[in-house]
K.L.:
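This is the structure, below, for whatever I ask next.
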There are 2 protein chains.
Amino acid sequence: MARTTKAKEARDVRASLALLWGEQDRPTRGPKPSLTPHRIAEAAVALADAEGLEAVSMNKVAGAFDVSAMALYRYVPGKAELVELMIEAVLAERPDLSVAGDGWRPQLTEWARRSWAVYQAHPWLLAATAMRRQAMGPRQLGWLDAALAALEPTGLTAAQRHQVFLLVVGLIRNLAQQLVDFDAEQDQEWNRLTGELLDRHSDRFPALTKAVAAGAFAPTAEDPLVFGLDRILDGVQTLIDREGPRGG
Amino acid sequence: MARTTKAKEARDVRASLALLWGEQDRPTRGPKPSLTPHRIAEAAVALADAEGLEAVSMNKVAGAFDVSAMALYRYVPGKAELVELMIEAVLAERPDLSVAGDGWRPQLTEWARRSWAVYQAHPWLLAATAMRRQAMGPRQLGWLDAALAALEPTGLTAAQRHQVFLLVVGLIRNLAQQLVDFDAEQDQEWNRLTGELLDRHSDRFPALTKAVAAGAFAPTAEDPLVFGLDRILDGVQTLIDREGPRGG
DNA sequence: AGCTCACTGCTGATGACGTAAACAGTTTAG
DNA sequence: CTAAACTGTTTACGTCATCAGCAGTGAGCT
């Protein structure tokens with residue numbers, strides 16, 4: 001059974017990659033296909049934008065084309081691959097960071113801003129990319145390349161640049177998580193219930209009680225990306241300053 | 001229908017909170033219960049540790065007690081609440097950070113290390129906490145309080161301390177995500193396939209090609225927590241230095 | 001022109017999931 | 001000792017991804 005699963009997965013990796021990179025040869029004989037993987041992915045994206053990723057079932061996506069769920073399997077190996085196509089579909093082409101100026105910091109900031117914009121426009125992207133992916137499409141690689149390119153002038157090692165990249169991606173994904181979690185009504189409920197609990201147990205949670213009283217959990221108008229990014233990039237700057245003089 | 005759902009959710013919040021805080025009054029009449037929410041959560045944790053969160057179905061958890069799935073609903077309102085109990089179950093009591101010394105930085109580092117250890121021991125915790133939670137249990141609040149307490153001597157505002165906390169939690173969750181994603185065999189496959197792709201498209205991804213060649217994606221023995229935490233805390237230190245003199 | 005067969009899309013079935021409903025058995029308060 | 005409260009069970013429903021098998025279609029070859 002494990003054997004079968006593994007063989008199937010291996011097949012899927014190939015199929016998934018061919019799909020993502022558009023390297024599939026189309027058939028000549030038989031009826032004209034009424035769909036394409038791309039159109040299917042677009043419909044799935046529209047569905048996810050409107051109702052969330054959990055609403056994206058093969059049935060509902062197929063319904064957008066008035067077609068049975070099984071019809072989709074003629075175009076896409078399975079749901080996992082469909083999700084990969086959705087990810088590629090919402091990513092723009094490789095971002096041009098030169099508009100932000102010359103330094104690594106403005107460029108990486110620009111990268112983060114654009115990346116964050118994508119997650120804001122498509123909050124399901126977080127859950128979609130959290131599913132274990134075995135291959136990246138050309139656009140994902142393009143974004144990765146742009147960020148690494150921006151970091152080249154820092155003088156950091158390749159491994160350090162990769163680490164910094166991961167930190168920034170991580171920051172954005174965390175913001176996206178907060179965005180997904182957030183629900184004004186529910187937030188109010190949380191504050192109310194947690195307030196009640198803290199009243200009853202303020203001795204157990206003194207710092208939290210003080211923080212709540214000081215408004216640490218009140219909604220803020222500030223762009224949430226700024227604080228985190230400034231902290232991280234300040235930290236990176238410190239690293240550069242420390243390593244530079246020693247000839248790193 | 002939406003009405004029904006909302007009413008049901010409201011009921012669940014109450015039930016969930018009572019469960020998490022152990023504030024449920026136990027019945028006197030009727031047969032002795034053979035289970036407790038706590039024991040059920042423990043069994044679910046064992047299952048998740050062994051086979052992952054997706055293996056935790058009501059059926060399998062019930063199977064651990066040789067009981068039907070529906071029996072669990074006498075103790076737990078539903079699966080979401082069971083997951084909440086699982087989260088509380090794997091969290092230790094409020095961590096004592098004083099062992100790390102006096103400064104905010106060693107204490108927060110200690111907090112991060114312990115937190116990271118929990119995620120390492122129970123990788124499913126990431127997915128479990130990603131599900132929208134409406135209430136926190138006493139242990140979750142305890143960890144939160146400990147981190148906020150460690151940040152009090154920084155002189156930062158309450159909102160800033162909260163932001164820093166979110167940054168550190170985010171870092172750990174990102175590491176946990178990488179841990180979940182990682183699969184040596186699959187990683188090798190990724191490197192092979194991406195290598196092939198880069199050979200074919202090295203002009204499109206020059207920075208990435210260089211980075212791969214320089215070993216930026218090679219496995220490292222270093223503790224992955226250190227780099228990210230040092231960057232973030234350096235950035236926080238920069239903020240403190242900047243705000244302090246101005247009388248913030 | 002006609003045949004073949006790769007290809008499309010369909011129906012139906014399978015097994016997993018969470019959980020609602022209804023029922024049978026058990027214990028304790030009155 | 002009866003009735004209420006409680007436990008655990010069986011059955012059933014709706015949803016999901018996906019497999020197997022069938023009918024129709026149309027390009028390429030003879």
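These figures come from a predicted structure and were not determined experimentally. Note on naming: letters A, B, ... go to the chains in the order of the sequence lines (proteins, then strands), and numbering restarts at 1 for each one.
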K.L.:
Assign each of B/Leu35 and A/Ala55 to its nearest nucleotide of DNA chain D by heavy atoms, then name whichever residue's nucleotide is nearer the 5' end.
P.N.:
B/Leu35
K.L.:
Does any N or O in the side chain of B/Arg139 come within less than 3.5 Å of the main-chain N or O of B/Ala92, such that one atom is a donor and the other an acceptor?
P.N.:
no
K.L.:
Between A/Phe65 and A/Ser34, is the side chain to side chain contact (heavy atoms under 4.5 Å, CB included) condition met? List the steps.
P.N.:
CA-CA 9 Å; A/Phe65 299 104; A/Ser34 68; over 6 Å; no
K.L.:
Checking B/Tyr119 side chain against B/Leu175 main chain: does a donor-acceptor pair fall under 3.5 Å?
P.N.:
no
K.L.:
Where do A/Trp111 and A/Phe165 land on the ring pair (Phe, Tyr, Trp, His ring centres under 6.0 Å) test, with the steps shown first?
P.N.:
CA-CA 10 Å; A/Trp111 189 95; A/Phe165 165 77; 5.7 Å; yes
K.L.:
Specify the separation, in whole Å, of atom CD of A/Glu54 and atom C1' of D/dT15.
P.N.:
13 Å
K.L.:
Taking the inter-plane angle between the rings of A/Trp21 and B/Phe205 on a 0 to 90° scale, is it parallel (under 30°), tilted (30 to 60°) or perpendicular (over 60°)?
P.N.:
perpendicular
K.L.:
Specify the separation, in whole Å, of atom OH of B/Tyr73 and atom C1' of C/dA22.
P.N.:
17 Å
K.L.:
If you check the B/Met70 side chain, which of C/dC10, D/dA17, D/dT10 turns out closest?
P.N.:
D/dT10
K.L.:
Check step by step if side chain to side chain contact (heavy atoms under 4.5 Å, CB included) holds for B/Val164 and A/Phe227.
P.N.:
CA-CA 9 Å; B/Val164 171; A/Phe227 184 88; 3.9 Å; yes
K.L.:
Between protein and nucleic acid, restricted to nucleotides 4-7 of chain D and to nitrogen or oxygen atoms under 3.5 Å apart, what atom pairs and distances do you find?
P.N.:
{"residue": "D/dA4", "atom": "O3'", "partner": "B/Arg29", "partner atom": "NH2", "Å": "3.4"}
{"residue": "D/dA5", "atom": "O4'", "partner": "B/Arg29", "partner atom": "NE", "Å": "3.4"}

K.L.:
Which residues in residues 58-68 of chain A have a heavy atom closer than 4.0 Å to any atom of DNA chain C?
P.N.:
A/Val67, A/Ser68
K.L.:
Where the side chain of A/Ala69 is concerned, which of D/dT9, D/dT18, C/dC10 is the nearest nucleotide?
P.N.:
D/dT18
K.L.:
Between the side chain of A/Glu88 and the main-chain N/O of A/Gln140, is any donor-acceptor distance below 3.5 Å?
P.N.:
yes
K.L.:
Apply side chain to side chain contact (heavy atoms under 4.5 Å, CB included) to residues A/Leu171 and A/Leu167 and explain how you reach the verdict.
P.N.:
CA-CA 6 Å; A/Leu171 170 68; A/Leu167 275 181; over 6 Å; no
K.L.:
Using modelled atom types and a 3.5 Å cut-off, is there a donor and acceptor pairing between side-chain atoms of A/Asp49 and backbone atoms of A/His122?
P.N.:
no
K.L.:
Please walk me through it: do A/Glu84 and A/Leu20 pass side chain to side chain contact (heavy atoms under 4.5 Å, CB included)?
P.N.:
CA-CA 8 Å; A/Glu84 307 252 347; A/Leu20 282 171; 3.7 Å; yes
K.L.:
Using a cut-off of 4.0 Å on non-hydrogen atoms, how would the nucleic acid contact of A/Val76 be classed: base, sugar-phosphate, or nothing?
P.N.:
nothing
K.L.:
Okay, side chain of A/Glu81, backbone of A/Gly78: is any donor-acceptor separation there less than 3.5 Å?
P.N.:
yes
K.L.:
To the nearest 10 degrees, what angle separates the axes at the start and end of the helix from C/dT4-D/dA27 to C/dG30-D/dC1, five pairs each?
P.N.:
10°
K.L.:
Rounded to whole Å, please give me the gap between CG in A/Leu72 and P in D/dA17.
P.N.:
10 Å
K.L.:
With heavy atoms under 4.0 Å as the rule, sort B/Ala71 into base, sugar-phosphate or nothing.
P.N.:
base
